Amino acid sequence: MPELPEVETVVRTLRPRVVGRRIQAVRAMSRFVAPQPLDGVVGRTILTVERAAKHILLVLDAGFLCIHLGMTGTLRAGAEPGPYTRAVFQLDQGVLIYDDPRQFGRIEYALEIPPRVRRLGPDAHQIPFEEFWKKLAARRGRIKPLLLDQRFLGGLGNIYTDEALFRARIHPLAVAGRLGRRRALRLHTAIVEVLGEAIELGGSSISDYVDAEGRAGTFQIRHRVYGRTGEPCVVCRTPVRRILVAQRGTHYCPRCQRP
DNA sequence: ATCTATTCCTGGCTGC
DNA sequence: TGCAGCCAGGAATAGA
C-alpha cells in the first residue's frame, strides 16, 4: 500500500519523465477513480511534480492534477495499458499510465489545490520534534489512530505506523497526550528514521506497488512487525501479536510495547 | 474531540 | 474443481 515512502519514490522517478511535458490527450476509464472530467488537463504543461503527504501533485501551467494511489494504484511512465488501467495521459513525449485494480485511488483536476490536500497536517517526514510534541500533548485519543489521521500528520499509513511504534517501543493503544517527552521523542525519531530508510530502499512492495519505472521496492524485508503475526519479535522472540485498532490490522510485540 | 461503524472495490484466500 | 464468503485497507462520512 502506497504510503509516504512509496509516494515519494513514485514522485522522484516520475519527475525526470514528465516535467516539461505537455499533456496532449487524456482517457479516464473509471468513474470511480476519476469522478469529475479530466479534460481540463489537455494542452497543459507539467511544471513540477510534488508530494503532499500521500498525494501526488502535478503542478500544471494552469491548475493541478492531484493523484492519490489509494491501496493498489500505480503511476508508470512509458508503460503499456493493461486490464486494470483506469487512466491514460498521452504526453508530447511518452505516456503516463494509471493502473488500479481495486480503484481506491483518486485522480482529480482542479484550478486550485483541492480541499483534501489543503486539510493535510504537517508532513510526517518533515515535522520538527517540538511541533510534533506540542500537537501530541494536546490529544486525548489513542496514538495509533492519531498517527493515521492525515489531518494530524500527513503520510503515515498502516505499515509505517506499526513499524514506527515498534521501534519506539510504544503500545498502539497508548494515550497520545500521556506519552511524555521521552517517549514522544523516541516516536518522532522512529517515524523519521523508518520513513527515511524506506525511501532509501524504494518503499515496501507487498502486492501491487511499483515506482514510475515499474520497479518494486524492497523495504518489506525490513519490516519488524507488519505482516509478521505469530513470528518471533526480532528483539525478544515473543510472538508478534495482531489486534484490531480503529478497524485496522495492528501488529506489535506485547513484550517490547507494554500498555 | 473522539470513537465506532459504514462505504467504496476486487484479487486472493479459506473452507466446504 | 468450484464457489460462496470473507478479508485487506485510505479516507470520507454519519452518528453517537
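Source: prediction; values computed, not measured. Each chain gets a letter, A, B and so on, in the order the sequences are listed, and its residues count up from 1.
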A/Gln220 vs A/Ser205, side-chain hydrogen bond (donor to acceptor under 3.5 Å, both in side chains): CA-CA, chis, key distance, verdict: CA-CA 6 Å; A/Gln220 65 277 7; A/Ser205 287; 4.8 Å; no
Ion pair check, A/Arg116 and A/Glu108, cut-off under 4.0 Å: yes
Looking at A/Glu193 and A/Arg186, is there a salt bridge between them, counting it only when a charged N and a carboxylate O are closer than 4.0 Å? no
I'd like a table of atom pairs between the protein and nucleotides 12-16 of chain C - only N or O on both sides, under 3.5 Å - with the distance next to each one.
none

Would you say a side-chain N or O of A/His68 is under 4.0 Å from OP1 or OP2 of C/dA11? yes
Does a side-chain N-to-carboxylate-O contact under 4.0 Å join A/Arg222 and A/Glu163? no
How long is the span from the CZ atom in A/Arg22 to the CG atom in A/Leu60, to the nearest 0.5 Å? 12.0 Å
What's touching nucleotides 7-9 of chain B from the protein side, N or O pairs under 3.5 Å?
unit_1: B/dC9; atom_1: O3'; unit_2: A/Gln103; atom_2: NE2; d: 3.1

If we check salt bridge (Lys or Arg N to Asp or Glu O under 4.0 Å) with A/Arg76, which of these qualifies: A/Asp211, A/Asp99, A/Asp100? A/Asp99
What is the distance, rounded to the nearest whole Å, between atom CD of A/Glu3 and atom P of C/dA8? 16 Å
Side chain proximity check, A/Ile46 to A/Leu65, heavy atoms < 4.5 angstrom: no
Determine the contact category for A/Gly105: base if any of its heavy atoms lies under 4.0 Å from a base atom, sugar-phosphate if only primed atoms, P, OP1 or OP2 are that close, otherwise nothing. nothing
Just report the end-to-end axis angle for the helix from B/dT2-C/dA16 to B/dC16-C/dG2, five pairs per end, to 10 degrees. 50°
Aromatic rings A/Phe132 and A/Phe129: how do their planes relate, parallel, tilted or perpendicular, breaks at 30° and 60°? tilted
Tell me the interatomic distance from A/Leu244, atom CG, to B/dA5, atom C1', rounded to whole angstroms. 12 Å
Measure CG/A/Asp149 against C1'/B/dC3 and give the value in whole Å, please. 12 Å
Counting any heavy atom closer than 4.0 Å, what does A/Phe152 reach on the DNA or RNA strands: base, sugar-phosphate only, or nothing? nothing
So does A/Tyr160 get a side-chain nitrogen or oxygen closer than 4.0 Å to the phosphate oxygens (OP1/OP2) of C/dG10? no
For a quick check of understanding: with a heavy-atom distance under 4.0 Å over all strands, which category does A/Gly157 fall into, base, sugar-phosphate or nothing? nothing
Would you kindly give the OH-to-P distance between A/Tyr84 and B/dT10, to the nearest whole Å? 10 Å
Can we say A/Glu8 and A/Arg12 salt-bridge, meaning some charged N sits less than 4.0 Å from an Asp/Glu carboxylate O? yes
DNA chain B: A/Arg139 or A/Gln247, which has the more 5' nearest nucleotide? A/Arg139
Distance col, row A/Tyr160:OH vs A/Leu147:CG, nearest 0.5 angstrom, shows 15.0 Å
With nearest nucleotides of DNA chain C determined for A/Arg242 and A/Leu148 from heavy-atom distances, which residue corresponds to the more 5′ nucleotide? A/Arg242
How long is the line joining CD1 of A/Ile67 and P of C/dG10, in whole Å? 19 Å
Nearest-angstrom distance from the residue atom OH of A/Tyr226 to C1' of C/dG9: 8 Å
Quick one: CG on A/Leu156 to CD on A/Glu3, what's the gap to the nearest 0.5 Å? 7.0 Å
Can we say A/Asp162 and A/Arg224 salt-bridge, meaning some charged N sits less than 4.0 Å from an Asp/Glu carboxylate O? no
